[in-house]
There are 2 protein chains.
Amino acid sequence: MNLTVAEENYIKSIYKLEEGAEAVTTTGLAYELDTKPASVTDMAKKLKEKKLIDYEKYQGINLTAEGKKAALHIIRRHRLWECFLVDKLAFSWEEVHELAEELEHVRSEKLIIRLSDFLGNPTIDPHGDPIPDAQGKLGKQRAQISLDQARTKRLEVTAVSDKSAALLEFLNAKGIRLGTQLEVIERYEFDNSIEIKIRNQPAFTISEQVSKNIMVRPL
Amino acid sequence: MNLTVAEENYIKSIYKLEEGAEAVTTTGLAYELDTKPASVTDMAKKLKEKKLIDYEKYQGINLTAEGKKAALHIIRRHRLWECFLVDKLAFSWEEVHELAEELEHVRSEKLIIRLSDFLGNPTIDPHGDPIPDAQGKLGKQRAQISLDQARTKRLEVTAVSDKSAALLEFLNAKGIRLGTQLEVIERYEFDNSIEIKIRNQPAFTISEQVSKNIMVRPL
DNA sequence: TAAAATGTTTAGATTTGTCTAACTTTTATT
DNA sequence: AATAAAAGTTAGACAAATCTAAACATTTTA
Ligand SMILES: [Mn+2]
Ligand SMILES: [Mn+2]
Ligand SMILES: [Mn+2]
Ligand SMILES: [Mn+2]
């Protein structure tokens, strides 16, 4: 199946939205891809034609098994390139998503196998996301929940959901990265903000919006 | 100046044909890019509009100073990626041109600077071609001529002009690579074939076509 | 449950890059 | 110089990806 760059981007976004449960809507996908609903409808017809999605007018979009497999391969390429950029070229985690967004479209089985080997076959990317293997299979993920839902005090950061430079730079400033161990000092009901403390540093407060995008596991 | 992938490929091909002296013709460029003369005429109008080429109907195509600068930046990216693929991912020289043909279009100043650093700022690529620096400047090249024109007996291979897998695989089979030292045993006037010898191995004959694509320097 | 609001699709355009077929210009040959 | 051949251009078409504006469908809300 030979996909265009646009088709690959759509497939990947559909996969992402499907992961976050519920139906993938025209408008939701348009928002995710920073395009217009009309464009999504057009592309939906093409992807249906190629049997990569199930789609009926007004009924939302879902990846077929084949579409899901394609998505995982694109995600694999994306995340391996991110590892390369961070591990080998010393980019920081807020810079790599955009570059990987382009590099992921260079299609060569051999290139990706070699790249993965070169990187030591990593299983998670710089944002804590799992990297599918060459067959498109995702390994067992460690149990993780978002910080706003965690109910224990001592936690370790395992991933970030939002890859925007805005969030990642905020986390840099606060000293929060993958593997950071933190303690919840207080949860404020009023706005669901959370006061946290890292090691011996002074405690600080983060908004609900930030806490929803930090994935953690109990220590 | 923001160029499309197609525009970048055209600019690079024009540069290549210009290097080989004489005028760049519509047909020649179409052949180089594996497209049709009509398409070249269309693109010529666009590139002229963007002031990257000088072009008048029926008068051939030439890069402007700006076009030349753009070409050198694309060539820099292409050759650095080739180095990466060969030096870090263990690809062989006949496999990398096609991959670099895609990777070269990922535009990020920072990426290329980091990549170059990571590779130790190489100055020649796996085919012996010089790599422009970050300003698009080409260093002084060592004097080299094609094997068919060389008039001394003992020579060192410095580059290959043709990057097709067909030629490169032939050279692999014959044990000819960059830096290989060879001795001309005989030149046959009839078909301009050349008998050569590498080290203590038995001599063999190569066609004029091959010899035209091997660049050498006298030892 | 009817009206309003929201979400989705269609129709028709636009941009980019390509093509074929017909035509024009330039160059080579008699 | 006239003609033939080769090279180059134009006209018109098409596919991919996008858009705006208008129409249509579904969902919400009063
Ligand atoms: Mn992408
Ligand atoms: Mn990532
Ligand atoms: Mn290219
Ligand atoms: Mn090369």
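Note: hydrogens, waters and symmetry copies are ignored here, and every other heavy atom, side chains too, is used. A note on names: the letters A, B, ... follow the listed sequences, proteins ahead of strands, and every chain is numbered from 1.
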Strictly by side-chain hydrogen bond (donor to acceptor under 3.5 Å, both in side chains), give each pair with a member in residues 122-134 of chain A just once, sequence neighbours left out. A:Glu82-A:His127, A:Asp129-A:Lys163

Determine: side-chain N/O of B:Thr26 to OP1/OP2 of D:dT9, distance under 4.0 Å, yes or no. yes

Which whole-number value in Å describes the distance from [X] [atom1] to [N] [atom2]?
X	N	atom1	atom2	answer
B:Lys50	C:dG17	NZ	C1'	13 Å
A:Leu29	C:dG7	CG	C1'	14 Å
A:Tyr58	D:dA25	OH	P	5 Å
B:Gln59	C:dT24	CD	P	18 Å
B:Asn2	C:dT15	CG	P	17 Å
B:Glu8	C:dT16	CD	C1'	15 Å

For [X], check salt bridge (Lys or Arg N to Asp or Glu O under 4.0 Å) against everything at least two apart and list the hits.
X	answer
B:Glu195	none
A:Glu94	none
A:Arg177	none

For every nucleotide of nucleotides 10-19 of chain D, 5' to 3': is a protein heavy atom under 4.0 Å from its base (B), only from its sugar-phosphate (S), or from neither (-)? B-----SBBB

For residues 105-122 of chain A, which residue pairs pass the salt bridge (Lys or Arg N to Asp or Glu O under 4.0 Å) check, not counting sequence neighbours? A:Glu8-A:Arg107, A:Lys110-B:Glu95

Before we go on, tell me: are the rings of A:Tyr10 and A:Tyr15 under 6.0 Å apart, centre to centre? no

